[in-house]
There are 4 protein chains.
Amino acid sequence: MTTKKDQIFQAIISHINKAGLLKNLTIAEIARLADVGKGTVYEYFSSKDEVICETIIYILESIMAETLFEIPTNTQFSTILIKHIEAMLKVSQKYANIDLMLMTDGISSTLEAAYKQKLLQKVIEIKKKYTDYLKTLISIGVKENIIIDIPDQYLIFIVGNIIMTGVSYYYHELPQEARNEKEHINRIYQTIIKLLS
Amino acid sequence: MTTKKDQIFQAIISHINKAGLLKNLTIAEIARLADVGKGTVYEYFSSKDEVICETIIYILESIMAETLFEIPTNTQFSTILIKHIEAMLKVSQKYANIDLMLMTDGISSTLEAAYKQKLLQKVIEIKKKYTDYLKTLISIGVKENIIIDIPDQYLIFIVGNIIMTGVSYYYHELPQEARNEKEHINRIYQTIIKLLS
Amino acid sequence: MTTKKDQIFQAIISHINKAGLLKNLTIAEIARLADVGKGTVYEYFSSKDEVICETIIYILESIMAETLFEIPTNTQFSTILIKHIEAMLKVSQKYANIDLMLMTDGISSTLEAAYKQKLLQKVIEIKKKYTDYLKTLISIGVKENIIIDIPDQYLIFIVGNIIMTGVSYYYHELPQEARNEKEHINRIYQTIIKLLS
Amino acid sequence: MTTKKDQIFQAIISHINKAGLLKNLTIAEIARLADVGKGTVYEYFSSKDEVICETIIYILESIMAETLFEIPTNTQFSTILIKHIEAMLKVSQKYANIDLMLMTDGISSTLEAAYKQKLLQKVIEIKKKYTDYLKTLISIGVKENIIIDIPDQYLIFIVGNIIMTGVSYYYHELPQEARNEKEHINRIYQTIIKLLS
DNA sequence: GATGAATGAGAGTTCATTCAT
DNA sequence: CATGAATGAACTCTCATTCAT
């Protein structure tokens, strides 16, 4: 991975964090933020749609990398789940404005059909990875008798969503002064336990 | 409400349902779909951003109107909640592609700051309305001893999200042949009960 | 001459006086100022260019009517010339912004060739009328031995221009507090005498 | 000064010389005449109003540069004044249609208020420069006893206007076959002398 | 006659993309 | 490799004009 390519990714992420997504996200602006020439962008990507598409994939994989930890043997269920939720909170702050958008067509709706399809595939792949991760994680809870049974696909989907919703609630609904990270993480954890027990 | 204005709203909704959102959603295309002249759009809206913004508000209010039923006295909790979930399923199909987008910045991220702000206000207003509705609804469940206690804001937020997530799961994750509306509605209902009991 | 037609002329004059000429001089704006419907304008004129063209002719003829006095027999040269200059000052204030523009292509340059031609003809006609008027007037001065000889076309042209320039100087170069109408009229009168004696 | 910018200036001047001013003076037409792409115009100017505004300033400064000569010591008054009038005749032919328009709001009346203001400032600046030039020039005539006294601001204004009017008369009133440059320049010169002696 | 809702040609402007340097 | 001046397709928006009422 070239440095220039990373500069471009970071430029786009920075623009989104500041400005919300698409408005004024031009190649000229991306190049300016990335501190490269406009033409240089086309050395690394074949079109604007590709830049956007690959950036989103980059973000998605970063999020996965930063939140899906290796699960060591002999780890407590609560420890690892709470660690994951904690990581989701962190990552959500880092990619403010992006987190929710990723769950939807928000970005991809501006892309040409081919790239939209490509992105969709990636999202499916990542969802699968995430669902598998949660399943593995929950199975530890089952072993520890905290959770009665391995839930089916629907319930795992709901669990994943509760984590994201919970994180979103923390940043978008709770007023700054009411925020207590540790407490809120625990709250999300308890919600999941309640649902799965 | 003018007929032409409605034609324009319907044209945009139709475009989104078919094509995903923003790509190729031009004033020319909107006018074509609405079967009016390009200039006519500007008789009813002052800019493209305003058209988009007002359409979203129109959709949001339609969804509210179609899913938030009058709660008659002496109604059973399960009856009214299930009726609501059912309506959410229907409305989600009607505004396919739009439902998820509404939860996020997906659309508003393409709007000028002023309209983004206006939309945000509307979303807050509607969220509040929905939360209040759920609270009223749940309080019936409390009276019927199906639910132990009136949940706090966080839990109501989660409940609302479970309904939406559940609906989304039905259309986007379940394969066509596995769908059974009645069963799935019940599933969502049970998930909520589990969480609140 | 219909009242509505006059309303339209006055609306345009009013707009020019306020806003400078052409910017934002739309049919919609003209109709609004004239307090008639947009369609009504087309009952009296066949196109916007015609409205503009006829308005300018209306103004030109108004100016002529208000500044070219009947010359009674036994009038003193100085009296009648000074009266004329005085009238030019008044008319120039009334049609602020318009006076200078009329001498040039300022307005006609925005008109379709046919109307430009029509206007040019009118301007030539009026210039001729004005030159003739000045000649008649000056011939009285010759009789009174104030002026040596009837000047040729060039000199009459210069005299006409000195009057207009003098008037323009009064409103555009002299600061408000330095203006003295009587004195300035006399100044212009003396300039002419100097040139012709 | 870029070549492209000059091409654009020349394109506009060429259009005005041929067609009279504003009608059909579109960005597309300017680009075509300048032999550049439409987008290129916006590399050098931020809006159409700016193109027009800067072109006028360019013309005004060109006119000044081509008509206001260095006044060498020991030059005869008549020589230098006649040389100036001669240059005015030439420049007037070069910028046909433009000369008169510059004296008025003809162009600026189509500009947005901000540019109109900017242009006005420039015109004031140039008028001052021209008046100063004429004063310096006339003061030589005073030394040579051709002119009695340094005239005041009003008279200098009139002198300047006689030059422009005289030039205008030559091209717009005199039929082609009656034109004799040398003779007409002398005529203008004599008119000035008459006024100032 | 009088109106103004409806229209679409055409204007100004943006911006992804190319390519000579 | 890196660049940014140059480009024109495609967009939003304006406004003279029409016509059913």
Side-chain angles (χ1 to χ4, degrees), chain A residues 2-4 7 23-32 34-52 112, chain B residues 2-5 7 22-32 34-52 112, chain C residues 2-4 7 23-32 34-52 112, chain D residues 2-5 7 22-32 34-52 112:
Chain A
T2 342
T3 297
K4 299 251 173 194
Q7 278 170 246
K23 204 78 185 179
N24 305 324
L25 181 60
T26 64
I27 290 288
E29 175 66 2
I30 292 168
R32 196 184 62 77
D35 207 31
V36 300
K38 249 190 303 174
T40 308
V41 176
Y42 286 86
E43 292 288 324
Y44 296 93
F45 305 93
S46 67
S47 71
K48 189 189 172 184
D49 272 10
E50 192 176 295
V51 186
I52 302 297
E112 211 59 74
Chain B
T2 341
T3 300
K4 298 262 168 191
K5 209 168 181 176
Q7 277 170 249
L22 309 145
K23 200 81 182 181
N24 304 323
L25 182 59
T26 64
I27 289 289
E29 176 67 3
I30 291 169
R32 198 185 61 76
D35 205 31
V36 300
K38 243 192 314 171
T40 306
V41 177
Y42 287 88
E43 289 286 319
Y44 295 93
F45 305 94
S46 67
S47 70
K48 189 188 173 185
D49 271 11
E50 190 176 298
V51 188
I52 302 297
E112 210 60 72
Chain C
T2 340
T3 299
K4 298 252 173 194
Q7 279 170 246
K23 203 80 186 178
N24 304 324
L25 181 59
T26 65
I27 289 288
E29 175 66 1
I30 292 168
R32 196 184 62 77
D35 206 30
V36 300
K38 248 190 303 174
T40 308
V41 176
Y42 286 86
E43 291 288 325
Y44 296 93
F45 305 93
S46 68
S47 70
K48 189 190 173 184
D49 271 11
E50 192 176 296
V51 186
I52 302 298
E112 211 58 74
Chain D
T2 340
T3 299
K4 297 263 168 189
K5 210 169 181 176
Q7 277 170 248
L22 308 146
K23 200 79 181 180
N24 304 324
L25 182 60
T26 64
I27 290 288
E29 176 66 2
I30 291 168
R32 198 185 60 76
D35 204 32
V36 300
K38 242 191 315 169
T40 306
V41 177
Y42 286 88
E43 288 286 319
Y44 295 92
F45 305 94
S46 67
S47 70
K48 190 189 173 186
D49 271 10
E50 190 176 299
V51 187
I52 302 297
E112 211 59 75

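In the text below, chain A, chain B and the rest are named by the order of the sequence lines, each starting its count at 1. This one's a predicted model, so the numbers in the text were calculated from it and none came from an experiment.
- If you take CD1 of I30(B) and P of dG8(E), they are 16 Å apart, rounded to a whole angstrom.
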Here DNA chain E, pairs taken as Watson-Crick or G-U under 3.5 Å and shown with ( ), [ ] when crossing and | when to another strand, reads .||||||||||||||||||||
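- Going from atom CG of D35(C) over to atom OG1 of T40(C) covers 10.5 Å, rounded to the nearest 0.5 Å.
- Counting to the nearest Å, the C1' atom of dA6(F) and the NZ atom of K5(D) are 16 Å from each other.
- Nearest heavy-atom pair across K5(B) and Y44(B) is CE-O, 4.3 Å.
- We find the CD1-CD1 distance between I27(D) and I30(D) to be 4.5 Å, quoted to the nearest 0.5 Å.
- Across all their heavy atoms, V36(D) and K4(D) have their closest contact at CG1-CD, 3.7 Å.
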Contact string for nucleotides 13-21 of chain E, one letter per nucleotide 5' to 3', B = base within protein heavy-atom range under 4.0 Å, S = sugar-phosphate only, - = neither, reads BBSSBB---
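- Of all heavy-atom pairs spanning Q7(D) and A34(D), the tightest one is NE2-O, 2.7 Å.
- Rounding to the nearest 0.5 Å places CZ of R32(C) at 9.0 Å from OG1 of T26(C).
- Atom NZ of K23(A) is separated from atom C1' of dT12(F) by 10 Å (rounded to the nearest Å).
- Nearest approach of L25(B) to K48(B), heavy atoms of both residues: O-NZ, 2.8 Å.
- The distance from atom CZ of R32(D) to atom C1' of dG8(F) is 16 Å, rounded to the nearest whole Å.
- The OH atom of Y44(B) sits 7 Å away from the P atom of dA5(E) (whole-angstrom rounding).
- Taking E43(D) as the reference, nothing meets the salt bridge (Lys or Arg N to Asp or Glu O under 4.0 Å) condition, with sequence neighbours excluded.
- Backbone-only contact: V36(B) has heavy atoms under 4.0 Å from sugar-phosphate atoms and none from a base.
- Rounded to whole angstrom, the span from the CD atom of Q7(C) across to the C1' atom of dG1(E) amounts to 14 Å.
- Atom pair E29(D):CD and dG10(E):C1' shows a separation of 14 Å (rounding to whole Å applied).
- Considering all non-hydrogen atoms of both residues, A28(B) and K38(B) come closest at CA-CG, 4.0 Å.
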